[in-house]
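Along the sequence shown, residues carry numbers from 1.
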Amino acid sequence: MSDVAARAAQIELLLLDVDGVLTDGSIVYTDAGEELKRFHVRDGSGLKLWHLAGKRSAIVSGRKSAAVDRRAAELGVAPVREAVEWLLKLRGAWADLAGRYTG
């Protein structure tokens, strides 16, 4: 097993942001006020493989978006925490989610 594979094997939970991580970073609004996001198929494929390996993933994002809810559901990513303040995101939300899976 390579060094990278050995280190990755120790990871059980991916905590992901959305904008600029699972998307290209663009935020586009339609004339009707709907928010659009662009997700890459390779990220989805990677998450599906991650889950097939028995690993978990979660999303913590500063913004609330129906597109994120839909994409997370398609990929089996849960839990999803949105509209999390930056400070809470860095301190409380990630620690809370990690604690649920490590304790």
Side-chain angles (χ1 to χ4, degrees):
M1 181 181 297
S2 74
D3 183 48
V4 172
R7 288 186 292 153
Q10 297 176 31
I11 300 169
E12 292 296 324
L13 172 66
L14 289 180
L15 292 175
L16 304 165
D17 192 3
V18 177
D19 295 323
V21 177
L22 294 176
T23 71
D24 64 3
S26 299
I27 299 173
V28 179
Y29 296 101
T30 66
D31 289 340
E34 181 182 13
E35 183 178 285
L36 305 177
K37 296 184 183 286
R38 288 175 42 138
F39 298 95
H40 201 291
V41 69
R42 283 183 282 202
D43 292 331
S45 297
L47 282 166
K48 286 288 192 179
L49 291 170
W50 181 257
H51 295 148
L52 285 172
K55 307 291 186 163
R56 295 176 297 256
S57 61
I59 289 176
V60 179
S61 181
R63 301 175 60 84
K64 174 72 176 145
S65 170
V68 171
D69 295 335
R70 179 176 176 178
R71 185 67 171 156
E74 289 173 352
L75 298 175
V77 176
V80 176
R81 299 288 187 266
E82 297 175 274
V84 176
E85 298 283 335
W86 280 103
L87 191 55
L88 290 176
K89 181 175 169 182
L90 293 173
R91 293 186 182 160
W94 284 13
D96 177 55
L97 289 172
R100 291 179 190 195
Y101 294 109
T102 59

* **Check against side-chain contact (heavy atoms from CB on, under 4.5 Å), Arg71 and Val77** => CA-CA 8 Å; Arg71 185 67 171 156; Val77 176; over 6 Å; no
* **Which atom of Leu22 lies closest to which atom of Phe39, heavy atoms considered** => O-CD2, 3.4 Å
* Within-4.5 Å side-chain heavy-atom neighbours: Leu47 and Leu14 -> yes
* Asked: Hydrophobic clusters join Ile, Leu, Val, Met, Phe, Trp and Tyr when side-chain heavy atoms are under 4.5 Å apart, directly or via other members; which others share one with Leu36?
  -> Val28
* To do: Can you measure from OG (Ser61) to CZ (Arg81) and round to the nearest 0.5 angstrom?
  => 13.0 Å
* Quick one: list whatever passes side-chain hydrogen bond (donor to acceptor under 3.5 Å, both in side chains) with Asp31, sequence neighbours left out. => none
* To do: Identify the heavy atoms of Val80 and Ala72 that sit nearest to each other, and give their distance.
  => CG2-CB, 3.5 Å
* Asked: Tell me, which pairs form a salt bridge (Lys or Arg N to Asp or Glu O under 4.0 Å) where one or both residues lie in residues 38-52, sequence neighbours left out?
  -> Asp24-Arg38
In a table with atom names and distances, give each donor-acceptor pair under 3.5 Å that connects a side chain of residues 3-12 to protein atoms at least two apart or in another chain.
unit_1: Asp3; atom_1: OD2; unit_2: Arg7; atom_2: NE; d: 3.4
unit_1: Glu12; atom_1: OE2; unit_2: Lys55; atom_2: NZ; d: 3.3

* Which pairs with one or both residues in residues 60-69 pass salt bridge (Lys or Arg N to Asp or Glu O under 4.0 Å), sequence neighbours excluded? -> Asp19-Arg63, Glu35-Arg63, Lys64-Asp69, Lys64-Glu82
